[in-house]
Amino acid sequence: QVQLVESGGGLAQAGGSLRLSCAASGRTFYTMGWFRQAPGKEREFVAAIRWSGSITYADSVKGRFTISRTNAKNTEYLQMNSLKPEDTAVYYCAAAVSRIVGTFENEYDYWGQGTQVTVSS
């Protein structure tokens with residue numbers, strides 16, 4: 001049974017940092033990504049990392065967030081620095097079996113339950 005379990009969300013001040021983790025079990029995934037959904041808004045792409053090591057970031061987080069993964073542990077991370085109040089959202093881990101572009105929700109096969117990130121000004 002495939003499971004994606006996220007951890008690391010919480011409260012941070014503007015300019016601060018948080019690190020999210022997503023542990024995947026049940027199979028190996030080629031692409032893993034992060035999405036977020038703010039109140040009243042649609043879910044949006046944040047970052048994706050592929051087995052090859054290639055990475056894509058949304059423009060809104062480029063230079064502030066870093067995605068990484070430990071292939072042996074099938075775990076991905078999202079290091080979030082220089083946080084802004086507009087980063088406040090529920091963050092979702094996602095995983096795809098295939099090689100995908102990785103920036104669209106419907107490309108992914110599995111999703112985590114979400115973890116809340118709140119950034120105060």
Side-chain angles (χ1 to χ4, degrees):
Q1 183 179 357
V2 173
Q3 276 193 313
L4 301 180
V5 179
E6 299 140 343
S7 60
L11 178 64
Q13 290 189 332
S17 299
L18 285 173
R19 189 192 197 208
L20 306 182
S21 300
C22 174
S25 60
R27 68 167 304 154
T28 301
F29 299 100
Y30 186 88
T31 305
M32 298 186 77
W34 291 95
F35 286 73
R36 67 186 181 185
Q37 187 167 22
K41 295 188 176 181
E42 293 187 351
R43 191 153 57 182
E44 64 176 7
F45 169 75
V46 175
I49 184 167
R50 300 160 195 86
W51 191 272
S52 62
S54 68
I55 291 171
T56 304
Y57 292 104
D59 288 343
S60 58
V61 306
K62 207 171 289 184
R64 300 188 298 121
F65 291 9
T66 302
I67 189 172
S68 61
R69 70 187 289 183
T70 304
N71 286 336
K73 296 181 178 180
N74 220 21
T75 300
E76 68 165 345
Y77 305 94
L78 186 68
Q79 177 67 42
M80 304 184 293
N81 298 329
S82 302
L83 283 163
K84 303 176 181 180
E86 50 263 44
D87 294 319
T88 295
V90 177
Y91 282 71
Y92 296 90
C93 167
V97 174
S98 306
R99 179 182 305 181
I100 58 174
V101 173
T103 59
F104 301 100
E105 284 188 65
N106 59 8
E107 297 181 279
Y108 289 86
D109 303 304
Y110 301 96
W111 291 85
Q113 80 283 359
T115 185
Q116 177 70 47
V117 170
T118 303
V119 183
S120 63
S121 58

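Side-chain atoms are counted along with the backbone in the values below, which use heavy atoms only and exclude waters and symmetry mates.
Rounding to the nearest 0.5 angstrom, the gap separating the OG atom in Ser121 from the CD atom in Glu86 is 10.0 Å. Atom CD in Gln116 sits 7.0 Å away from atom OG1 in Thr88 (nearest 0.5 Å). Rounding to the nearest 0.5 Å places CZ of Phe65 at 9.0 Å from OG of Ser82. Distance check: Glu44 CD to Glu105 CD gives 10.0 Å after rounding to the nearest 0.5 Å. A distance of 13.5 Å separates CZ in Arg43 from CZ in Arg36, rounded to the nearest 0.5 Å.
In the displayed structure, Phe104 atom CZ is contacted under 6.0 Å by at most 12 heavy atoms of other residues, nucleotides or ligands. No more than 12 heavy atoms of other residues, nucleotides or ligands shown are found within 6.0 angstrom of CD on Gln13. More than 12 heavy atoms of other residues, nucleotides or ligands shown are found within 6.0 angstrom of NZ on Lys62.
Nearest approach of Ala96 to Phe29, heavy atoms of both residues: O-CB, 3.5 Å. Across every non-hydrogen atom of Asn74 and Arg69, the tightest pair is OD1-NH2, 3.7 Å. Between Tyr110 and Leu4, the closest heavy-atom pair is O-CD1, 3.5 Å. Scanning all heavy atoms of the two residues, the minimum distance from Leu83 to Ala12 falls at CD1-CB, 3.8 Å. Listed here is the closest heavy atom pair of Gln79 and Ser17: NE2-CB, 3.9 Å. Considering all non-hydrogen atoms of both residues, Ala48 and Tyr108 come closest at CB-OH, 3.5 Å.
Under a hydrophobic clustering in which Ile, Leu, Val, Met, Phe, Trp and Tyr are joined whenever their side-chain heavy atoms come within less than 4.5 Å, directly or via other members, Met80 and Phe45 fall into different clusters. Residues Ile100 and Ile49 do not share a hydrophobic cluster, defined by chaining ILVMFWY side chains whose heavy atoms lie under 4.5 Å apart. In the hydrophobic cluster analysis, where Ile, Leu, Val, Met, Phe, Trp and Tyr join through side-chain heavy atoms closer than 4.5 angstrom, Ile67 is grouped together with Leu18. There is no path of hydrophobic side-chain contacts, each under 4.5 Å, that joins Trp111 to Tyr91. Under the 4.5 Å side-chain heavy-atom criterion for ILVMFWY residues, no single connected hydrophobic cluster contains both Leu20 and Phe35.
A donor-acceptor contact closer than 3.5 angstrom links the side chains of Trp34 and Glu76.
Checking side-chain atoms of Gln3 against main-chain N and O of Ser25 turns up no donor-acceptor pair under 3.5 Å.
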Review point. Would Arg27 and Asp109 satisfy side-chain contact (heavy atoms from CB on, under 4.5 Å), going step by step from the backbone distance to the final call?
Key: CA-CA 12 Å; Arg27 68 167 304 154; Asp109 303 304; over 6 Å; no
Practice item. Please lay out, stage by stage, how Thr56 and Arg50 fare under the test side-chain contact (heavy atoms from CB on, under 4.5 Å). Key: CA-CA 9 Å; Thr56 304; Arg50 300 160 195 86; 2.9 Å; yes
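Two residues are said to be in side-chain contact when any heavy atoms from C-beta on lie closer than 4.5 Å; Thr70 and Tyr77 meet this criterion.
At a threshold of 4.0 Å, the pair Lys84-Asp87 does not count as salt-bridged, since none of the basic side-chain nitrogens sits closer than that to a carboxylate oxygen.
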